[in-house]
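These notes are about the structure you will find just below.
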Amino acid sequence: MRLEFGAISKQFGNHQALCDVSLSVPEFQSLAIIGPSGGGKTTLLRIIAGLEIPESGHLSIDGQRVNFSEEFLLSHRRSIGTVFQAYNLFPHLTARENVILPLVKVHGRSTDEAHAVVEALFERFELSRHADQRPAELSGGQQQRVAIVRAIAIKPRFLIFDEPTSALDPEMTAEVLDFIAELRGEGRDLIIVTHNMGFAREVSDHCLFIAEGHVLEEGRSAELFSKPQHPQLVNFLAKVLRY
Amino acid sequence: MDSFVTQKLGRPVGLAAMIFSWGLVALLSTALFSFAFSQLHYGWNWEAIWQYRNKFLQGWLMTLAISAASLLVSLIIGLLAALARRSAFLPVRYSAVLYVEIVRGTPLLVQILILFYVVANAFGMENRYLVGVLALSLFAGAYLAEMIRSGIESIRDSQLESARAIGLTRGQTYHYVIFPQLVRQLAPPLTGQFASIIKDSSLLSIIAVSEFTLNAQEVNAFTYSTLESYLPLALGYLLLTLPISLLSRVMERRFHFAT
Ligand SMILES: Nc1ncnc2c1ncn2[C@@H]1O[C@H](COP(=O)(O)OP(=O)(O)OP(=O)(O)O)[C@@H](O)[C@H]1O
Ligand SMILES: [Mg+2]
């Protein structure tokens with residue numbers, strides 16, 4: 001897929017989260033967004049996901065202009081699979097019901113069809129045992145995997161992950177990252193914000209480095225990680241790789 | 001003896017231990033009341049009361065009707081007040097705060113009297129049954145408003161974000177995410193509130209609403225049989241509140257889930 005940002009700005013109160021981001025990201029299958037905390041990664045991701053509206057600027061996905069009207073954004077959001085850090089699932093619904101809800105109520109599938117889809121996906125990703133459990137009865141890793149299954153069940157144009165493992169312990173982190181790597185292996189398009197540099201490097205073919213509301217560096221991941229140019233990126237990588 | 005002691009509240013209790021323990025409690029309380037009544041030297045006169053059985057029944061049904069109507073109206077008032085309490089428009093929000101604080105800070109008896117002799121009089125509301133239902137509804141509505149508000153607030157923002165992300169509309173979000181969780185949360189306290197309304201409705205006797213309590217008072221005045229008038233009264237209220245209290249506990253267990 002391709003992305004094009006044209007002078008995108010987003011402000012919260014008097015804090016500029018994104019300043020005039022202009023950038024054309026060439027064809028990629030998997031994009032990683034990295035950078036220091038508070039740099040604007042989530043904000044940029046939420047704009048792409050149709051969850052946030054910038055004050056100014058425009059965005060094109062695969063050459064298609066995103067229209068920032070609530071009406072368009074609703075159908076835009078419906079075409080994307082989004083997974084947040086944590087608490088993606090509704091606590092009053094079982095794992096199965098969580099996946100079925102958008103299939104039936106948003107995408108108009110019949111209940112039988114939706115059940116079949118869920119059955120197959122749970123089977124494949126070894127979640128069948130947990131189908132009838134509520135989120136509180138699942139581990140953090142299992143919850144995230146169910147959330148990812150919910151995102152892919154609707155056959156999205158692409159997937160968006162915002163630090164999907166930052167609330168998990170190392171073992172569960174591996175379980176979820178393996179899952180995402182597997183999805184990438186299937187050829188799905190995805191955009192991921194992560195603090196895990198090893199994973200970003202391994203899973204992505206393109207990478208953006210964002211700090212203080214600016215994209216300071218972008219490029220093919222293989223190059224960006226091995227030959228960082230911008231001093232802030234060099235500094236950032238040295239810091240996160242030290243431990 | 002060990003099986004009659006539960007180490008931790010909430011642990012399952014053996015059936016035999018439960019039956020035996022309840023039996024013991026029933027026996028002791030029966031003994032206590034039997035003793036109390038046997039010391040009374042009271043000339044029971046149930047025949048006089050039996051003639052007024054229809055008056056008891058009518059009063060009981062009236063209490064049930066008034067309570068049911070009040071529950072319904074108080075739900076609407078409570079919901080509106082809870083939403084008003086969350087309004088961004090300050091005058092609306094503060095009106096809700098004022099309403100809730102005044103109602104919760106004054107006795108129901110005083111509210112009934114003021115509503116009946118001042119407010120209803122001023123607005124020409126003459127039907128004392130309507131005034132009674134309104135008084136009970138306003139009273140219970142204030143408590144419900146706080147329950148509903150805390151129920152809505154307990155639903156995390158992250159859930160609303162998820163709902164938006166998967167493409168639910170605002171209406172769908174209320175229908176499939178907020179409302180089911182509210183109902184589960186509110187079902188137990190709501191039934192408790194219903195039991196309270198039933199008991200509180202006895203205060204409407206003060207403005208001459210012919211409900212259960214007033215009718216019992218009248219029978220007492222006609223027959224001079226105080227105990228025979230008031231014992232059925234207690235029994236009649238228990239007949240309503242006990243099943244409700246049981247229902248509330250069943251629902252609490254059924255709907256309980258961790259968030
Ligand atoms: N809803 C909001 N209201 C106010 N300020 C916000 C909001 N969302 C983000 N910000 C601010 O905008 C800036 C960028 O936030 P953003 O969440 O995009 O950063 P991030 O790069 O994702 O950081 P992190 O790695 O900590 O998640 C931060 O200073 C943040 O405090
Ligand atoms: Mg973030």
Side-chain angles (χ1 to χ4, degrees), chain A residues 42 45-46 48-53 70-94 97-108 133-138 143-144 146-154 156-157 159-162 167, chain B residues 8-12 75 79 82 86 88 90 144 147-191 247-259:
Chain A
T42 296
L45 205 62
R46 288 171 55 85
I48 299 172
L51 290 164
E52 202 86 71
I53 300 175
E70 196 41 49
E71 206 181 10
F72 180 91
L73 287 181
L74 183 64
S75 64
H76 178 64
R77 290 197 290 268
R78 289 175 169 177
S79 70
I80 301 173
T82 304
V83 178
F84 304 113
Q85 251 177 42
Y87 308 117
N88 287 281
L89 304 177
F90 301 118
H92 61 299
L93 301 178
T94 63
E97 291 164 344
N98 262 286
V99 181
I100 285 177
L101 178 69
L103 276 174
V104 174
K105 301 302 172 191
V106 177
H107 298 274
Q133 289 173 329
R134 293 221 171 88
E137 301 166 286
L138 300 173
Q143 288 179 33
Q144 285 303 69
V146 173
I148 297 173
V149 165
R150 182 174 72 185
I152 60 177
I154 60 158
R157 288 157 67 200
L159 293 164
I160 281 185
F161 297 95
D162 188 3
Chain B
K8 220 174 121 199
L9 287 175
R11 283 276 174 79
L75 254 179
L79 194 64
R86 292 169 53 79
L90 288 180
L144 285 176
M147 287 182 209
I148 294 173
R149 184 172 69 97
S150 71
I152 293 178
E153 279 168 9
S154 75
I155 296 174
R156 292 170 185 262
D157 285 348
S158 62
Q159 286 192 51
L160 305 184
E161 268 301 275
S162 282
R164 231 155 74 79
I166 63 175
L168 296 181
T169 61
R170 243 185 114 68
Q172 286 177 320
T173 303
Y174 269 98
H175 187 166
Y176 300 111
V177 178
I178 298 178
F179 210 62
Q181 294 188 64
L182 262 189
V183 169
R184 284 169 156 89
Q185 266 185 38
L186 289 182
L190 259 186
T191 46
L247 182 71
S248 145
R249 273 199 243 159
V250 169
M251 283 199 287
E252 202 153 355
R253 242 172 287 149
R254 167 88 45 91
F255 287 156
H256 181 78
F257 61 90
T259 46

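Chain identifiers are assigned alphabetically (A, B, ...) following the order of the sequence lines, protein sequences preceding nucleic acid strands; residue numbering begins at 1 within each chain.
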- Mind checking side-chain contact (heavy atoms from CB on, under 4.5 Å) for A/T42 and listing every partner two or more places apart, or none if nothing turns up? A/R46, A/D162
- Task: Taking atom types as modelled, find out whether A/N88 and A/Q144 have a side-chain donor-acceptor pair closer than 3.5 angstrom.
- Result: yes
- Query: Is a side-chain donor or acceptor of A/Q143 paired with a backbone partner of A/L138 at a separation under 3.5 angstrom?
  - Reply: yes
Going by atom type alone, with no hydrogens or angles, which donor-acceptor pairs under 3.5 Å involve a side-chain atom of residues 77-86 of chain A and a protein atom two or more places apart or on another chain?
residue: A/R77; atom: NE; partner: B/R164; partner atom: O; Å: 3.0
residue: A/R77; atom: NH1; partner: A/G50; partner atom: O; Å: 2.8
residue: A/R77; atom: NH2; partner: A/E70; partner atom: OE2; Å: 3.0
residue: A/R78; atom: NE; partner: B/G167; partner atom: O; Å: 2.7
residue: A/R78; atom: NH2; partner: B/G167; partner atom: O; Å: 2.8
residue: A/S79; atom: OG; partner: A/H76; partner atom: O; Å: 2.7
residue: A/S79; atom: OG; partner: A/R157; partner atom: NH1; Å: 3.3

- Message: Checking A/S75 now: which residues fulfil side-chain contact (heavy atoms from CB on, under 4.5 Å) with it, not counting sequence neighbours?
- Response: none
- Item | Contact residues of residues 170-180 of chain B (partner chain A; heavy-atom separation under 4.5 angstrom) | B/Q172, B/Y176, B/V177, B/P180
- Query: Relative to chain B, which segment of A/L51 carries a heavy atom at a distance below 4.5 Å: side chain, backbone, both, or neither?
  - Reply: both
- Task: Carefully, step by step, assess B/L186 and B/L144 under the rule side-chain contact (heavy atoms from CB on, under 4.5 Å).
- Result: CA-CA 9 Å; B/L186 289 182; B/L144 285 176; over 6 Å; no
